Amino acid sequence: KKRCMRFLVDENLPFSLIRLLQDIGHDIHDAGASPSRGSTDEQLWKFAAREQRIIITRDLDFPLPKVRPYPLGLILIRVPDTFTGKQITRLFSNFIKTSNLKDLEANITVIAPGRVRIRKMDLL
């Protein structure tokens with residue numbers, strides 16, 4: 001069994017992505033359906049750091065290199081604006097099935113159609 005990870009899913013992502021992660025058994029903080037709704041990027045960053053969560057977002061303003069401490073990790077989903085929620089969830093689903101979840105910790109992972117890039121968070 002894959003180990004349970006703690007994620008903060010930004011409100012710019014579809015509910016189907018949250019459902020996918022919950023169905024796999026992960027601990028999800030849904031920013032769009034919680035008191036975090038409408039929080040600034042810095043507030044979400046600090047919350048994720050406090051709770052040892054990996055942020056999943058489409059927001060191009062992340063990462064926040066000057067704000068410490070860092071969250072457990074950051075996943076940036078880079079897709080065209082024309083992508084539907086279903087397409088985003090499928091892209092993420094394919095990624096999560098084939099990745100070692102331990103690799104998400106302390107890294108910035110960029111997921112784009114046909115491409116995944118990973119770099120160390122401490123290189124910010």
Side-chain angles (χ1 to χ4, degrees):
K1 181 182 180 307
K2 286 194 172 187
R3 77 185 245 259
C4 173
M5 300 291 287
R6 294 168 56 83
F7 294 103
L8 181 154
V9 180
D10 202 355
E11 53 192 277
N12 58 15
L13 289 165
F15 183 72
S16 54
L17 179 70
I18 292 161
R19 176 64 46 80
L20 167 78
L21 288 166
Q22 288 171 331
D23 287 350
I24 298 171
H26 296 296
D27 178 327
I28 306 304
H29 178 87
D30 176 0
S34 73
S36 303
R37 186 176 179 82
S39 293
T40 65
D41 292 345
E42 187 169 334
Q43 288 168 327
L44 289 177
W45 184 264
K46 288 178 175 177
F47 176 84
R50 261 193 324 275
E51 292 222 341
Q52 288 290 290
R53 291 183 183 275
I54 296 170
I55 296 174
I56 306 175
T57 186
R58 290 182 65 187
D59 191 338
L60 298 173
D61 294 334
F62 286 105
L64 305 177
K66 292 184 174 71
V67 181
R68 303 283 171 114
Y70 291 157
L72 187 59
L74 176 66
I75 299 174
L76 298 170
I77 299 178
R78 297 277 190 256
V79 293
D81 289 338
T82 55
F83 258 51
T84 64
K86 189 179 277 189
Q87 287 172 304
I88 290 169
T89 301
R90 190 177 313 121
L91 177 73
F92 192 87
S93 175
N94 291 337
F95 162 77
I96 204 108
K97 282 180 200 159
T98 59
S99 67
N100 178 350
L101 296 179
K102 192 78 181 146
D103 292 341
L104 301 176
E105 294 181 13
N107 287 321
I108 298 169
T109 305
V110 181
I111 303 170
R115 185 166 183 210
V116 174
R117 296 187 316 273
I118 297 175
R119 73 170 204 233
K120 284 274 171 228
M121 181 99 66
D122 61 11
L123 298 179
L124 290 179

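Bear in mind that the values here come from a model prediction, so they are computed numbers and not experimental data.
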*Asks:* For the residue pair Pro69 and Trp45, what are the closest heavy atoms and their distance?
*Replies:* O-NE1, 3.6 Å

*Asks:* Find out whether Ile56 and Leu21 are in side-chain contact, i.e. whether some heavy atom of one side chain is under 4.5 Å from a heavy atom of the other.
*Replies:* yes

*Asks:* Working to the nearest 0.5 angstrom, can you tell me the gap between Glu42 CD and Phe62 CZ?
*Replies:* 10.0 Å

*Asks:* For Leu76 and Asp59, which heavy atoms make the closest approach, and how far apart are they?
*Replies:* CD2-O, 3.9 Å

*Asks:* Indicate yes or no for a side-chain donor-acceptor contact from Asn12 to the backbone of Arg58 under 3.5 Å, with no hydrogens or angles considered.
*Replies:* yes

*Asks:* Go through the steps to decide whether Ile77 and Phe83 satisfy the test side chain to side chain contact (heavy atoms under 4.5 Å, CB included), and finish with yes or no.
*Replies:* CA-CA 11 Å; Ile77 299 178; Phe83 258 51; over 6 Å; no

*Asks:* Can you tell me how far apart CD1 (Ile55) and CG (Leu8) are? Round to the nearest 0.5 Å.
*Replies:* 6.0 Å

*Asks:* Would a 4.5 Å heavy-atom cut-off, applied to side chains only, mark Asp23 and Leu20 as touching?
*Replies:* no

*Asks:* Considering only heavy atoms from C-beta outward, does the side chain of Thr109 approach that of Leu74 to under 4.5 Å?
*Replies:* no

*Asks:* Which value, rounded to the nearest 0.5 Å, describes the distance between Leu104 atom CG and Ile54 atom CD1?
*Replies:* 4.5 Å

*Asks:* Could you state the interatomic distance from CZ (Phe7) to CD (Gln22), rounded to the nearest 0.5 Å?
*Replies:* 12.0 Å

*Asks:* Could you walk me through whether Ile75 and Phe92 satisfy the side chain to side chain contact (heavy atoms under 4.5 Å, CB included) test, starting with their C-alpha distance in whole Å, then the side-chain angles of each, then the deciding distance to 0.1 Å, before giving a yes or no?
*Replies:* CA-CA 10 Å; Ile75 299 174; Phe92 192 87; 4.0 Å; yes

*Asks:* Hey, is the main chain of Ser39 close enough, under 3.5 Å, to the side chain of Ser36 for a donor-acceptor pair?
*Replies:* no

*Asks:* Spell out, as yes or no, whether a donor-acceptor pair under 3.5 Å connects the side chain of Tyr70 to the backbone of Asn107.
*Replies:* no

*Asks:* Between Arg37 and Glu11, what is the shortest heavy-atom contact and its length?
*Replies:* CA-OE2, 3.5 Å

*Asks:* Could you check whether any side-chain heavy atom of Leu101 comes within less than 4.5 Å of a side-chain heavy atom of Ile96, counting everything from C-beta outward?
*Replies:* yes

*Asks:* Just wondering, do Ile18 and Leu13 contact through their side chains at under 4.5 Å, heavy atoms?
*Replies:* no

*Asks:* Do you know the tightest heavy-atom contact between Asp103 and Ile118?
*Replies:* O-CG2, 4.4 Å

*Asks:* Strictly distance-based, threshold 3.5 Å: is any side-chain N or O of Arg53 a donor or acceptor partner for the main-chain N or O of Asp27?
*Replies:* yes

*Asks:* For the backbone of Thr84 and the side chain of Gln87, can you confirm whether one donor and one acceptor N or O come within less than 3.5 Å of each other?
*Replies:* yes

*Asks:* How long is the span from the CD1 atom in Ile88 to the CD1 atom in Ile111, to the nearest 0.5 Å?
*Replies:* 11.0 Å

*Asks:* Taking the basic N atoms (NZ, or NE/NH1/NH2) and the acidic carboxylate oxygens, is any pair closer than 4.0 Å for Arg19 and Asp30?
*Replies:* no

*Asks:* Answer yes or no: is there a donor N or O on one side and an acceptor on the other, between the side chain of Thr89 and the main chain of Gly85, under 3.5 Å?
*Replies:* yes

*Asks:* Check for a donor-acceptor pair, side chain of Arg78 on one end and backbone N or O of Val110 on the other, with a separation under 3.5 Å.
*Replies:* no

*Asks:* Tell me the closest heavy-atom pair linking Glu105 and Met5, and the distance in Å.
*Replies:* OE2-CE, 3.6 Å

